[in-house]
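Here's the structure we're looking at; comments come further down.
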Protein chains: 2
Amino acid sequence: MAPDDSRRSEDRFKHMLDKLKSLDFRITPQRLAVLRILAASEDHPTAEQIFEKVRTEFPTTSLATIYKTIALLKGLNEVLELGFPDGSNRYDGAKPFPHPHVICIRCRKIMDPYIISLDELKDEIGKKTGFRIHYHRLDFFGLCGECQKDL
Amino acid sequence: MAPDDSRRSEDRFKHMLDKLKSLDFRITPQRLAVLRILAASEDHPTAEQIFEKVRTEFPTTSLATIYKTIALLKGLNEVLELGFPDGSNRYDGAKPFPHPHVICIRCRKIMDPYIISLDELKDEIGKKTGFRIHYHRLDFFGLCGECQKDL
DNA sequence: TTTTCTGCAAATGCTTTGCATGGGA
DNA sequence: TCCCATGCAAAGCATTTGCAGAAAA
């Protein structure tokens, strides 16, 4: 991890922690662990993956607690949920705001491409449909570099 | 429904039917009903909604058959599945190719906004991430016109 | 001490699957 | 007639929920 990544991760962690504290939610070891993992994760983990990581630190942790913590953070707009119909949602605690993704349809890797903002597009869409747009989701599905090699 | 809509719907229906025939799938009344509904639908129905419509014609139809037919059409790229994590996928048989949607977060209405193609964006993303992009999904979530009124 | 959180287990709800029967071609 | 498709019921599975005990404040 690059130095600025660990810095960003730490900032995110503190931001989430402060938010929980300021809203009088209790700071438990399990919540701290989930916060740290979500703040640091670059790979859009599943609930199960977060669960496994928390378990190495707190073996008694239950999956239900992971889901409850994620739901709490979702409600506070501190985690972005990428929902998939095949039952394996992914979570992004590093960038909890709507942004585009590229998703490998073979290995399920998810990355964030750097592209221009979609704000103008959002305004245009809102005008044409009469919708008041709150958030969006833009996913490109395909094969990542590695998966193109061994086909 | 405008005349050109019913024309388009009819064309889609025939296209799907021809495809099933040419691939030696059996033409059953249930499949015909699902095809007709999907070809005509402008509202991105759920499997359940398709099921209810088919039932008015063939009361013995089962939900499993609806899902099997949808799966068949998905495999033939004749229906687009919009997957949602809360367990209520939506289907588009009128425009079975990836395209943007606006989705009301209150009443769940889904509409197709008319916007420019995302092809240039797709190429740019592919170049920057090393992905070979196969398809995409762009959803704008917000409140539709009616839902803005009665809040 | 009080209130919230955790962890277990059971429930939920959409979707899929297995299998015997029925119906296209 | 020969398979494929249907329909029923059961299974799957990520996620949610209820509740009693544990732990934060």
Side-chain angles (χ1 to χ4, degrees), chain A residues 16-35 37-38 44-76 79-91 108 110, chain B residues 16-35 37-38 44-76 78-91 108:
Chain A
M16 291 194 272
L17 182 54
D18 287 346
K19 196 155 190 177
L20 289 188
K21 280 182 180 169
S22 72
L23 293 170
D24 286 328
F25 289 106
R26 298 202 173 155
I27 309 305
T28 65
Q30 294 89 336
R31 284 184 175 168
L32 284 175
V34 173
L35 255 56
I37 291 164
L38 279 175
H44 308 76
T46 63
E48 186 73 34
Q49 288 168 332
I50 297 169
F51 174 56
E52 292 303 336
K53 281 194 181 177
V54 175
R55 273 215 146 163
T56 62
E57 248 183 299
F58 301 95
T60 64
T61 307
S62 76
L63 191 50
T65 295
I66 306 296
Y67 277 111
K68 284 168 185 166
T69 304
I70 290 173
L72 172 64
L73 294 171
K74 260 199 294 179
L76 302 176
V79 69
L80 181 73
E81 182 178 65
L82 302 182
F84 294 97
D86 54 29
S88 62
N89 294 347
R90 307 278 291 255
Y91 298 94
R108 288 271 145 191
I110 300 183
Chain B
M16 292 195 271
L17 182 55
D18 286 346
K19 196 154 187 177
L20 290 188
K21 280 182 180 168
S22 71
L23 294 169
D24 285 328
F25 290 107
R26 299 209 171 147
I27 308 305
T28 66
Q30 293 90 337
R31 282 183 175 167
L32 283 174
V34 173
L35 254 55
I37 291 164
L38 280 174
H44 308 76
T46 63
E48 186 72 35
Q49 288 168 333
I50 297 169
F51 174 56
E52 292 304 336
K53 281 195 181 177
V54 175
R55 272 214 146 165
T56 63
E57 245 183 301
F58 302 95
T60 63
T61 307
S62 76
L63 191 50
T65 295
I66 306 296
Y67 277 110
K68 283 168 185 166
T69 303
I70 290 173
L72 172 64
L73 293 171
K74 262 198 294 180
L76 302 176
E78 292 297 335
V79 69
L80 181 73
E81 182 179 63
L82 302 182
F84 295 96
D86 54 30
S88 62
N89 294 346
R90 308 278 291 255
Y91 299 94
R108 288 274 146 192

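None of the values given here were measured: they were computed from a predicted structure. A note on names: the letters A, B, ... follow the listed sequences, proteins ahead of strands, and every chain is numbered from 1. No hydrogens, no waters, no symmetry mates; every other heavy atom, side chains included, goes into these values.
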How many whole angstroms separate atom [atom1] of [X] from atom [atom2] of [N]?
X     : N      : atom1 : atom2 : answer
B/F58 : C/dG24 : CZ    : P     : 10 Å
A/L82 : D/dA14 : CG    : C1'   : 16 Å
A/N89 : D/dA14 : CG    : C1'   : 8 Å
B/L32 : D/dA5  : CG    : P     : 13 Å
A/D86 : C/dT16 : CG    : P     : 10 Å
A/L20 : D/dA25 : CG    : C1'   : 15 Å
B/D24 : C/dG24 : CG    : C1'   : 12 Å
A/R31 : C/dG7  : CZ    : C1'   : 14 Å

Open item on the list: For DNA chain D, which residues of residues 68-76 of chain B approach it to below 4.0 angstrom with any heavy atom?
Closed with: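 Going residue by residue through residues 68-76 of chain B, the ones with a heavy atom under 4.0 Å of DNA chain D turn out to be B/K68.
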
Positions of residues 48-57 of chain B (non-hydrogen atom under 4.0 Å from DNA chain D), listed by number: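 By residue number: none to list.
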
Please produce a list of atom pairs where a protein N or O lies less than 3.5 Å from an N or O of nucleotides 21-23 of chain C.
| residue | atom | partner | partner atom | Å |
| --- | --- | --- | --- | --- |
| C/dG23 | N2 | B/R26 | NH1 | 2.7 |

For residues 20-35 of chain A, which residue pairs qualify under salt bridge (Lys or Arg N to Asp or Glu O under 4.0 Å), counting only residues two or more places apart or in two chains?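 Residue pairs with at least one partner in residues 20-35 of chain A: there are none.
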
Which residue pairs pass the salt bridge (Lys or Arg N to Asp or Glu O under 4.0 Å) test with at least one member in residues 54-64 of chain B, sequence neighbours excluded?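 Pairs touching residues 54-64 of chain B that pass the test: B/R36-B/E57.
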
With nearest nucleotide decided by heavy atoms, which residue, A/P85 or A/T60, maps closer to the 5′ end of DNA chain C?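 Residue closer to the 5' terminus by nearest nucleotide: A/T60.
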
Tell me which of B/L63 and A/Q30 sits closer to the 5' end of DNA chain C, going by the nucleotide each one is nearest to.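 By nearest-heavy-atom nucleotide position, the 5'-most residue is A/Q30.
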
| Are any of the side-chain heavy atoms of B/L76 and B/L20 separated by less than 4.5 Å? |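 Answer yes - side chains close enough.
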
What distance do B/L17 atom CG and B/L32 atom CG have between them, rounded to the nearest 0.5 Å?
->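 Between atom CG of B/L17 and atom CG of B/L32 there are 6.0 Å.
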
Notebook entry, point to check: Which value, rounded to the nearest 0.5 Å, describes the distance between A/K19 atom NZ and A/L72 atom CG?
Noted result: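 Result: 10.5 Å between the selected atoms.
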
What heavy-atom pair brings [X] and [Y] nearest, and what distance separates the two atoms?
X     : Y     : value
B/T61 : B/V54 : OG1-CG1, 3.6 Å
B/K53 : B/T56 : O-OG1, 2.6 Å
A/S62 : A/F51 : C-CE1, 3.5 Å
B/A47 : B/L63 : O-CD1, 4.1 Å
A/T65 : A/Q30 : CG2-CB, 4.2 Å
B/V79 : B/I70 : CG1-O, 3.8 Å

Ignoring backbone atoms, establish whether [X] has a side-chain N or O less than 4.0 Å from OP1 or OP2 of [N].
X     : N     : answer
B/T65 : D/dA5 : no
A/T61 : C/dT6 : no
A/S62 : C/dC8 : no

Can you work out whether B/F25 or B/A64 has the more 5'-proximal nearest nucleotide on DNA chain D?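 Whichever sits nearer the 5' end wins; that is B/F25.
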
Side-chain donor-acceptor distances from residues 82-91 of chain A under 3.5 Å, at least two apart:
| residue | atom | partner | partner atom | Å |
| --- | --- | --- | --- | --- |
| A/D86 | OD1 | A/S88 | OG | 3.0 |
| A/N89 | OD1 | A/F84 | N | 2.9 |
| A/R90 | NE | A/H44 | O | 2.4 |
| A/R90 | NH1 | A/R108 | O | 2.8 |
| A/R90 | NH2 | A/D43 | O | 3.2 |
| A/R90 | NH2 | A/H44 | O | 3.2 |
| A/R90 | NH2 | A/R108 | O | 3.2 |
| A/Y91 | OH | A/E81 | OE2 | 2.9 |

